[in-house]
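Step one of this worksheet: look at the structure below.
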Amino acid sequence: MSTFFLILLALLGGAAVTLQAQFMGLMDVGIGTRESVFITYASGGLVVTILMLFLRGGNLRAAASVPWYAFMAGLLGLLIVGTIGYTVPRIGLTTALTLVVAAQFLSAVLID
């Protein structure tokens, strides 16, 4: 893949994070944090299940080669979605995402 395509893909992902944060904040205020996280994950789970069925399971057999701790990604995703959904309507989209991005940079420095 070209570098240009990868840059566009990363930018699209960043825009999706912002939109998801805004939508999660709206759902959080309207129906609650747990309920909005459930709807977010259930709808995403449904879409990826249909995709995996279409692709006949993809490469799920290779999951055995992944370190056990990598499977915590799903739990971390719940934490990410839940905290963004909870903080956005309370401190604002810009403040919440600025803090999230700052924490991402700090964590990345520690990991690298």
Side-chain angles (χ1 to χ4, degrees):
M1 285 187 200
S2 74
T3 303
F4 180 73
F5 176 75
L6 294 173
I7 290 170
L8 286 178
L9 192 59
L11 291 172
L12 177 64
V17 168
T18 303
L19 287 172
Q20 183 189 37
Q22 181 65 24
F23 297 159
M24 287 289 302
L26 291 171
M27 282 196 293
D28 186 275
V29 169
I31 61 175
T33 304
R34 287 183 305 267
E35 296 80 0
S36 61
V37 170
F38 173 77
I39 289 171
T40 300
Y41 268 81
S43 62
L46 178 63
V47 170
V48 77
T49 298
I50 291 168
L51 179 63
M52 292 303 288
L53 288 172
F54 179 74
L55 296 174
R56 298 184 183 171
N59 191 21
L60 290 177
R61 288 190 182 117
S65 67
V66 177
W68 66 268
Y69 52 85
F71 292 100
M72 292 179 56
L75 295 175
L76 292 170
L78 287 172
L79 179 65
I80 293 163
V81 168
T83 56
I84 288 174
Y86 186 81
T87 58
V88 164
R90 289 162 178 83
I91 62 174
L93 184 62
T94 302
T95 303
L97 289 185
T98 298
L99 292 169
V100 167
V101 170
Q104 287 174 340
F105 278 121
L106 291 172
S107 299
V109 166
L110 293 174
I111 290 170
D112 279 348

(message) For the CG atom of Leu46 and the CG atom of Leu51, what is their distance to the nearest 0.5 Å?
(response) 11.5 Å

(request) Please answer whether the main-chain N or O of Leu78 pairs with a side-chain N or O of Tyr41 as donor and acceptor at a distance below 3.5 Å. (result) yes

(message) Please find the pair of heavy atoms, one from Phe71 and one from Val66, that lie closest to each other, and give the distance.
(response) CE1-O, 3.9 Å

(message) So which atom in Ser36 and which in Ile31 form the shortest heavy-atom distance, rounded to 0.1 Å?
(response) N-CD1, 3.9 Å

(message) For residues Val37 and Leu75: do they belong to one hydrophobic cluster (side chain heavy atoms under 4.5 Å, members Ile, Leu, Val, Met, Phe, Trp, Tyr)?
(response) yes

(request) Quickly, which of Leu93, Thr95, Thr94, Val88 forms a side-chain contact (heavy atoms from CB on, under 4.5 Å) with Ile91? Name it, please. (result) Thr95

(message) Within this structure, what is the CG-CG distance for the pair Leu8 and Leu12, rounded to the nearest 0.5 Å?
(response) 8.5 Å

(message) I need the minimum non-hydrogen distance between Met24 and Gly85, along with the two atoms involved.
(response) CB-CA, 3.7 Å

(message) According to a hydrophobic-cluster definition based on side-chain heavy atoms being under 4.5 Å apart (Ile, Leu, Val, Met, Phe, Trp, Tyr only), do Leu6 and Leu11 belong together?
(response) no

(request) Spell out, yes or no, whether Leu79 and Tyr86 are grouped together once hydrophobic residues are joined by side-chain heavy atoms under 4.5 Å, including indirect joins. (result) no

(message) Is there a continuous path of hydrophobic side-chain contacts, each under 4.5 Å between heavy atoms, that joins Leu60 to Val48?
(response) yes

(message) So which atom in Pro89 and which in Val29 form the shortest heavy-atom distance, rounded to 0.1 Å?
(response) CB-CG2, 3.3 Å

(request) Check the surroundings of atom CE in Met52: do more than 12 heavy atoms from other residues, nucleotides or ligands lie under 6.0 Å from it? (result) yes

(message) Taking CZ in Arg90 as the centre, count heavy atoms belonging to other residues, nucleotides or ligands within less than 6.0 Å. Is the count above 12?
(response) yes

(message) I need the minimum non-hydrogen distance between Thr49 and Gly45, along with the two atoms involved.
(response) OG1-O, 2.6 Å

